[in-house]
Number of protein chains: 2
Amino acid sequence: MLRLSKLTDYATVILSFMASDSGTIHAAMEIASATGIALPTVSKILKQLVNANLLMSTRGAKGGYTLARTPDKISLATMITALEGPIALTECSISQQACGQATGCGIRGNWHLINQTIHNALESVTLADMIRPIPAKDAAWKQETLIPIASLYR
Amino acid sequence: MLRLSKLTDYATVILSFMASDSGTIHAAMEIASATGIALPTVSKILKQLVNANLLMSTRGAKGGYTLARTPDKISLATMITALEGPIALTECSISQQACGQATGCGIRGNWHLINQTIHNALESVTLADMIRPIPAKDAAWKQETLIPIASLYR
DNA sequence: TTAAACAGGACTAAAATAGTCCTTATTTTT
DNA sequence: AAAAATAAGGACTATTTTAGTCCTGTTTAA
């Protein structure tokens with residue numbers, strides 16, 4: 001399904017919330033109630049985002065979290081990497097080492113390219129893009145995008 | 001990590017092997033020893049590929065599997081979908097229903113768009129591409145897929 | 001000094017994934 | 001007709017990953 005983990009998904013929701021009120025400091029508790037995600041979970045994610053330098057934290061009473069950069073400087077690729085590590089569709093996209101495959105699979109180089117392409121796509125979307133309303137022709141767009149997925153079933 | 005499952009990875013190896021000797025019928029056993037993947041696992045994957053209409057099977061002695069189409073007609077998106085179901089980075093990319101998020105997350109529409117872009121990228125790579133030596137810079141598919149999502153908004 | 005907040009890490013529970021195996025159906029060979 | 005080779009379908013188990021919670025310590029404002 002090529003799925004992001006739930007935590008990564010939450011992270012985008014949390015970051016979107018923070019971006020929509022950028023500059024302000026938000027306590028974990030506040031974020032939890034605003035997003036409806038349980039506090040311990042929010043807390044865990046926020047820590048990871050701080051470690052990845054996407055957020056800055058302030059300790060103590062009146063402390064909390066703020067974005068480390070403006071929303072247009074935070075890419076989706078960065079968010080995903082913060083939670084899941086390097087973007088890599090296959091094991092061999094990560095390391096240069098040969099995988100265990102008997103014959104030497106010969107498609108490794110191509111995986112690397114494919115992976116790079118996906119990465120570029122995710123790099124080109126920023127948090128600023130994500131909090132923007134869906135572009136105008138709402139209905140038309142919905143139709144367009146649903147067709148290809150459905151066509152996989154024919 | 002945005003990872004494909006191991007089985008999907010195996011599937012690409014199996015299909016690559018079959019594509020490199022396209023037209024011939026291959027028994028599961030043969031594929032297992034050629035690829036170094038254990039027979040029961042190979043067998044499981046082959047069945048899924050038949051169900052997804054990527055392979056055709058022949059029963060009985062001298063039976064086996066062949067590609068249902070030529071390698072240039074089999075996209076990576078199709079292979080992934082065969083093993084993992086529809087390509088969807090997030091839960092809400094799949095269904096039209098609102099997710100449980102309290103406030104209504106407001107980024108759902110954008111997820112659809114991102115998802116579509118990834119899907120297009122994977123659709124543009126075929127099995128034929130994958131068994132070719134690493135493409136030169138002018139390869140058509142590479143260029144096509146480098147569409148910046150952000151540009152869709154501007 | 002106390003309360004509010006984050007930091008770090010350990011732990012548990014649940015879910016997904018990978019892998020194996022058994023039984024049945026079909027086809028070719030002897 | 002029997003035997004051998006092969007796929008189909010599904011059940012089952014083990015392992016790994018993921019999600020989620022909680023505890024203890026540290027920092028800071030009031």
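What you see below is based on every heavy atom in this structure, not just the backbone, and it leaves out hydrogens, waters and symmetry mates. Here is the naming used below: chain letters follow the sequence lines, and residue numbers restart at 1 for every chain.
- Where M29(B) and K44(B) each meet DNA chain D at their nearest nucleotide, the meeting point lying more 5' is that of M29(B).
- The CZ-C1' distance, from R59(B) to dT29(C), rounds to 19 Å in whole Å.
- Between T58(A) and dA5(C) there is no side-chain polar atom (N or O) within less than 4.0 angstrom of OP1 or OP2.
- If you check every strand for non-hydrogen atoms under 4.0 Å, G63(A) touches sugar and phosphate atoms only.
- Side chain of T35(A) to backbone of I31(A): a donor-acceptor contact under 3.5 angstrom is found.
- Taking atom CD1 on I25(B) and atom P on dA7(D), their separation rounds to 8 Å, with Å as the unit.
- As a whole-Å value, the separation of L7(A) CG from dA15(C) C1' is 13 Å.
- Listed pair Y10(A) / dT18(D) fails the phosphate criterion, with no side-chain N or O lying under 4.0 Å from OP1 or OP2.
- Atom-to-atom, CE of M56(A) to C1' of dA7(C) comes out at 17 Å; the value is rounded to the nearest Å.
- At a cut-off of 3.5 Å, with distance as the only test, a side-chain donor of T24(B) or D21(B) sits close to an acceptor on the other residue.
- Within the 3.5 Å criterion, the main-chain N or O of M18(A) finds no donor-acceptor partner in the side chain of S22(A).
- The side chain of P40(A) sits closest to dC22(D) out of dA7(C), dC22(D), dG8(C).
- Pairing analysis of DNA chain C (Watson-Crick: purine N1 to pyrimidine N3 plus N6-O4 or O6-N4; G-U wobble: N1-O2 and O6-N3; both under 3.5 Å) yields stems of 3 or more pairs at C:1-30 with D:1-30.
- Remark: T41(A) is in phosphate contact with dT21(D), judged by side-chain N or O atoms under 4.0 Å from OP1 or OP2.
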*Could you give me the CA-CA distance, side-chain angles and deciding distance for Q116(A) and W111(A), then say whether side chain to side chain contact (heavy atoms under 4.5 Å, CB included) is met?*
CA-CA 8 Å; Q116(A) 189 60 42; W111(A) 269 125; over 6 Å; no

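- For dA18(C), the OP1/OP2 oxygens have a side-chain nitrogen or oxygen of S5(B) closer than 4.0 Å.
- Here the side chain of S16(A) pairs a donor or acceptor atom with the backbone of T12(A) at under 3.5 angstrom.
- Using a 3.5 Å distance cut-off with no hydrogens or angles, the side chains of T126(B) and D129(B) do pair a donor with an acceptor.
- We find that NE2 of H26(B) is positioned 18 Å from C1' of dA5(D), with the value rounded to whole Å.
- Following rounding to the nearest Å, K6(A) (NZ) and dA15(C) (C1') show an atom-to-atom distance of 10 Å.
- Side-chain nitrogen and oxygen atoms of S57(A) include none within less than 4.0 Å of the OP1 or OP2 phosphate oxygen of dA5(C).
- A straight line from CG of L2(A) to P of dA16(C) spans 17 Å, rounded to a whole angstrom.
- Judged purely by atom type and a 3.5 angstrom limit, E84(A) uses its side chain to pair as donor or acceptor with the backbone of L2(B).
- Judged purely by atom type and a 3.5 angstrom limit, T78(B) has no side-chain atom pairing as donor or acceptor with the backbone of I74(B).
- Per the geometry, CG belonging to L55(A) stands 10 Å off P belonging to dA7(C), to the nearest Å.
- One finds no side-chain N or O of K47(B) lying less than 4.0 angstrom from the OP1 or OP2 phosphate oxygen of dG10(D).
- Candidate nucleotides dC6(C), dA7(D), dT28(D) were compared by shortest atom distance to the side chain of A27(A), and dC6(C) ranks first.
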